[in-house]
A.B. asks: 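Below: one structure in structure tokens.
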Amino acid sequence: MTNLFVELSTPITGPYQQPTGLFINNEFVPGVDGKTFEVINPSTEEVITSVHEATEKDVDIAVAAARKAFEGPWRKLPPSQRAVLLNKLADLAEAKSELLASVEALDNGKAYKMALGDVGAVIATLRYYAGWADKIEGRTIDVKSEMFHYSRREPIGVCGQIIPWNFPLLMLAWKIGPALATGNTVVLKTAEQTPLSALVFATLVKEAGFPPGVLNIISGFGPIAGAALSRHMDVDKIAFTGSTFVGRAIMKAAAESNLKKVTLELGGKSPNIVFNDADIEQAISWVNFGIYFNHGQCCCAGSRIYVQEEIYDKFVAAFKRRAEQNKVGDPFHPETFQGPQVSKVQYDRIMGYIESGKADGATVVTGGERHGDKGYFIQPTIFADVKQDMKIMQEEIFGPVCAIAKFKTVEDAIKLGNDTFYGLAASVHTKDLSTALKVSNALKAGTVWVNCHNLLFPQASFGGFKASGIGRELGEAALDNYTELKTVHVNLDARIE
Ligand code: NAI
Ligand code: MG
């Protein structure tokens, strides 16, 4: 049996104690079935350690713990105390920033300095939602004088949360922030590719003083633990970030079990639209960041790039030079911008898309090959002259690969931008205010960036139109997704005969 803690080491922090158990009721425990699985370092393809795997039985235990906490101490705690706990958790995460970021870089492969940015965003998200905890208000509703009507926002109950591997800690914070602030309890399942950082984070939950069972964090596989959570009869809400395919499965499981509430964040194929009058250097830097940040493993990656015809050739040539400057390599090297893709599966999937782009006759401007001979590294890749119906223009690649095409008019740009079944994000690059606003308003996307891309703030909501999802994360809007609205009618003096 694997120990519940193992000594690991990172180049930044040196040796540290890595928890490997399931975090249930504020304790690390082995799984009931005694199973474990290996965690891979994507930079070296070597095994880092093994962690305990949750199966259906462990999901039952975690859900029971969350239910008990919900019906007991957590529900009785004044909301202002929830704020104190969330702020304490943020402070502890801040004190452990370097450890959290280096474990993230080790397990996920993202550059350490990027991981440190993620941890900063985790802390900001927790503090933002701590601020909301005691500001969840209802209304009084004036209907008739002999009655008194009011509404309340109440927590939904036990929330199952299933997160992906692209931002392991940040997705955790986006999920638990609004859920805990509004008084729910949580069973969160991490992605099987990246369980380590959340387990380090779990040590802080107990230290912060959360009652046992309020936040449970389990490692396990989608079709086993994830599926058990989605179809569980005592889970009141399920929140998911990941693929459209699994999003559908989760909705179906919710429908077939207890009709638990569902929110989904399902990625996209977000357009970057660059007009003739854009500040071309800035536009290229933002487009570069839009597609290559986090190795293209962003739900909102700007993977379709439409450039107005007058500047098209100049743009492609300058973007090629910019992309080739991105440093690819060891996540712990201070100059690294792009590390490896998260797994062999993702590496193979992306290389398959690159092959399809080549076979379909798109022009490889740069990249298009593996980087190095060890680890899941892929060269930043640009395809130009891509036709609208090519697979690389239509499907989410989730890697450092973009597709460029030309457009003529504002109307063309809007039409091309909206020609996708997704609707998560988009960006518009222009100096003309009316073009910027006209296009922003016409794009069917939950987020539109003007002269930037991939900027997210805890205060500003994020989520998808169309097949990109249901519900919103971040901002005030996320609170609605974690509360039930109750109306109370009080009879003061109305008589019935
Ligand atoms: P995935 O959707 O399979 O995995 C995301 C999470 O869902 C993981 O925690 C996984 O364990 C869980 N899961 C998988 N099957 C499940 C099931 N039947 N029931 C409940 N939970 C389940 O994504 P995967 O395979 O890692 O990546 C495939 C593609 O999905 C990527 O290439 C990308 O296009 C997209 N994706 C989008 C993300 C986003 O941020 N929107 C994040 C990760 C992947
Ligand atoms: Mg890993």
Side-chain angles (χ1 to χ4, degrees), residues 37 39-40 42 51 53-56 59 108 110 118 160-168 170-172 174-175 187-195 198 217-232 235 238-257 260 262-270 293-301 303 341-354 376 378 391-392 394-401 420-425 446-447 454 456 462-464 467-471 473-474:
F37 64 94
V39 182
I40 309 291
V51 295
E53 179 191 339
T55 62
E56 199 171 341
V59 170
N108 167 281
K110 65 176 73 197
D118 286 7
Q161 303 186 317
I162 300 175
I163 61 169
W165 41 260
N166 52 345
F167 294 90
L170 188 57
M171 291 302 102
L172 176 149
W174 284 22
K175 294 274 183 288
V187 177
L188 178 137
K189 189 195 84 62
T190 53
E192 51 270 45
Q193 297 84 352
T194 53
I217 299 176
I218 59 177
S219 316
F221 291 89
I224 301 168
L229 209 47
S230 342
R231 64 164 184 265
H232 205 287
V235 169
I238 189 100
F240 169 75
T241 298
S243 63
T244 313
F245 179 81
V246 172
R248 287 182 202 276
I250 285 175
M251 253 192 121
K252 199 159 168 239
E256 286 171 355
S257 55
K260 55 180 67 63
V262 179
T263 46
L264 304 172
E265 202 271 83
L266 306 176
K269 190 73 182 171
S270 300
F293 170 60
N294 210 39
H295 331 165
Q297 303 170 141
C298 291
C299 45
C300 49
S303 49
Q341 306 309 126
V342 77
S343 66
K344 176 77 167 58
V345 171
Q346 286 303 117
Y347 171 87
D348 288 341
R349 195 173 275 166
I350 296 160
M351 291 310 284
Y353 277 111
I354 291 177
Y376 311 126
I378 297 178
K391 237 166 94 169
I392 55 167
Q394 290 294 332
E395 295 181 18
E396 182 174 52
I397 299 175
F398 228 64
V401 181
T420 168
F421 109 127
Y422 290 111
L424 189 62
T447 294
N454 274 349
L456 296 163
F462 181 76
S468 287
I470 298 177
E473 301 198 271
L474 301 181

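In what follows, every heavy atom counts, from backbone to side chain, and hydrogens, waters and symmetry copies are set aside. Just follow the structure's listing: the first ligand is 1, and inside any ligand the first atom is 1. Counting from 1, the numbers follow the sequence of the chain as shown.
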A.B. asks: Using a heavy-atom cut-off of under 4.0 Å, does the side chain or the backbone of Q297 touch ligand 1, or both, or neither?
C.D. replies: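 Answer for Q297: neither.
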A.B. asks: Of all the heavy-atom pairs spanning G399 and I350, show the shortest one and how long it is.
C.D. replies: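 Of all heavy-atom pairs spanning G399 and I350, the closest is CA-CD1, 3.6 Å.
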A.B. asks: Tell me the closest heavy-atom pair linking Y376 and I40, and the distance in Å.
C.D. replies: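 Heavy atoms only, the tightest pair is OH-CG2, 4.1 Å.
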A.B. asks: I want to confirm something. Looking only at heavy atoms, which of P195, G222, P168 is nearest to atom 22 (C) of ligand 1?
C.D. replies: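 Considering heavy atoms of P195, G222, P168, the nearest to atom 22 (C) of ligand 1 sits in G222.
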A.B. asks: Before signing off on this row, confirm whether G267 and ligand 1 have an N or O atom pair separated by under 3.5 Å.
C.D. replies: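 Yes: some nitrogen or oxygen of G267 is under 3.5 Å from one in ligand 1.
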A.B. asks: Would you mind running through ligand 1 and noting each atom that sits below 4.0 Å from a heavy atom of A227?
C.D. replies: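 Answer, ordered by atom number: 19 (N), 20 (C).
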A.B. asks: Could you report the tightest heavy-atom contact between I378 and Q341, atom names first, then the distance?
C.D. replies: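 Minimum heavy-atom separation between I378 and Q341: CD1-CG, 3.8 Å.
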A.B. asks: Looking at non-hydrogen atoms alone, which of A301, G160, G399, P164 comes nearest to atom 43 (C) of ligand 1?
C.D. replies: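 Considering heavy atoms of A301, G160, G399, P164, the nearest to atom 43 (C) of ligand 1 sits in P164.
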A.B. asks: In chain order, what residues pass the side-chain contact (heavy atoms from CB on, under 4.5 Å) check against L266, with sequence neighbours excluded?
C.D. replies: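 Partners of L266 by the side-chain contact (heavy atoms from CB on, under 4.5 Å) criterion, ordered by chain and then number, come out as F240, T244, L264.
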A.B. asks: Could you list the residues that satisfy side-chain contact (heavy atoms from CB on, under 4.5 Å) with S468, not counting sequence neighbours?
C.D. replies: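 Result, side-chain contact (heavy atoms from CB on, under 4.5 Å) vs S468: Y422, L424.
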A.B. asks: If the cut-off is 4.0 Å to any non-hydrogen atom of E396, which atoms of ligand 1 fall inside it?
C.D. replies: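 Listed by number with element: 33 (C), 34 (O), 35 (C).
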A.B. asks: Identify the closest protein heavy atom to atom 10 (C) of ligand 1: which residue and atom is it, and at what distance?
C.D. replies: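 Checking every protein heavy atom, the shortest distance to atom 10 (C) of ligand 1 gives E192 OE1, 3.5 Å.
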A.B. asks: Students should be able to answer this: which protein heavy-atom is nearest to atom 44 (C) of ligand 1, and at what distance?
C.D. replies: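 Nearest protein contact, heavy atoms only, for atom 44 (C) of ligand 1 is F398 CE2, 3.8 Å.
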A.B. asks: Identify the heavy atoms of E56 and I224 that sit nearest to each other, and give their distance.
C.D. replies: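 Where E56 meets I224 most closely, the heavy atoms are N-CG2, 4.3 Å.
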A.B. asks: For T241 and ligand 1, does the shortest N/O to N/O distance drop below 3.5 Å?
C.D. replies: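 In this structure, T241 places no N or O atom under 3.5 Å from an N or O of ligand 1.
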A.B. asks: Counting heavy atoms only, which of A228, S243, C299 comes nearest to atom 40 (O) of ligand 1?
C.D. replies: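 Answer by nearest heavy atom: C299.
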A.B. asks: Identify, for atom 12 (C) of ligand 1, the protein heavy atom at the shortest distance, and state residue, atom and that distance.
C.D. replies: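 Here the nearest protein heavy atom works out to I162 CG2, 3.6 Å.
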A.B. asks: Is ligand 1 under 4.0 Å from a heavy atom in the side chain of F240, in the backbone, in both, or in neither?
C.D. replies: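 Answer for F240: side chain.
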A.B. asks: Charged N to carboxylate O below 4.0 Å: is that the case for E395 and R349?
C.D. replies: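 Salt bridge absent between E395 and R349.
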A.B. asks: For atom 32 (O) of ligand 1, which protein heavy atom lies nearest, and how many Å away is it?
C.D. replies: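 Its nearest protein heavy-atom neighbour is Q346 NE2, 3.0 Å.
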A.B. asks: Protein heavy-atom contact under 4.0 Å for atom 4 (O) of ligand 1?
C.D. replies: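 No, there is none.
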A.B. asks: Quick check on contacts: which atoms of ligand 1 are under 4.0 angstrom from a heavy atom of Q193?
C.D. replies: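 The list of qualifying atoms is 26 (O).
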A.B. asks: From atom 15 (N) of ligand 1, work out which of V246, N166, T244 has a heavy atom at the shortest distance.
C.D. replies: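 Of the listed residues, V246 has the closest heavy atom.
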A.B. asks: Is there any N or O on I163 that sits under 3.5 Å from an N or O of ligand 1?
C.D. replies: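 Yes.
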A.B. asks: For ligand 1, note which part of L266 has a heavy atom under 4.0 Å away: side chain, backbone, both or neither.
C.D. replies: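 The answer is the backbone.
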A.B. asks: Which atom pair, heavy atoms only, marks the closest approach of N108 to P168?
C.D. replies: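 Nearest pair, atom of N108 first, then P168: ND2-CD, 4.1 Å.
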A.B. asks: Identify which one of I163, T263, L170 satisfies the side-chain contact (heavy atoms from CB on, under 4.5 Å) criterion when paired with K175.
C.D. replies: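 For K175, the side-chain contact (heavy atoms from CB on, under 4.5 Å) check succeeds only for I163.
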A.B. asks: Can you name the atoms of ligand 1, numbered from 1 with element, that are less than 4.0 Å from a heavy atom of E265?
C.D. replies: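 Contacts of ligand 1 toward E265, numbered from 1: 41 (N).
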A.B. asks: Under 4.0 Å, counting heavy atoms only: does W165 come that close to any atom of ligand 1?
C.D. replies: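 For ligand 1, residue contact (heavy atoms, under 4.0 Å) with W165 is present.
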A.B. asks: With a 4.5 Å cut-off on side-chain heavy atoms, are D348 and M351 touching?
C.D. replies: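 The answer is no, as the side chains (C-beta and beyond) never meet within the 4.5 Å cut-off.
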A.B. asks: Restricting to non-hydrogen atoms, name the atom on K260 and the atom on L229 that form the minimum distance, rounded to 0.1 Å.
C.D. replies: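 The answer is CE-O, 3.9 Å.
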A.B. asks: Quick one: does Q297's side chain have a donor or acceptor within less than 3.5 Å of a partner on V342's backbone?
C.D. replies: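 Yes, Q297 side chain to V342 backbone: donor-acceptor pair under 3.5 Å.
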A.B. asks: Need the ligand 1 atom indices (1-based, order shown) with element for anything under 4.0 Å from a heavy-atom of G226.
C.D. replies: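 What qualifies from ligand 1 is 19 (N), 20 (C), 21 (N).
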A.B. asks: Aromatic contact between F462 and W174, with the criterion being ring centroids under 6.0 Å apart: yes or no?
C.D. replies: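 Centroid separation for F462 and W174: below 6.0 Å.
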A.B. asks: Short list, please: which atoms of ligand 1 are under 4.0 Å from a heavy atom of R349?
C.D. replies: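 It comes down to these atoms of ligand 1: 25 (O), 27 (O), 28 (C), 29 (C), 31 (C), 32 (O).
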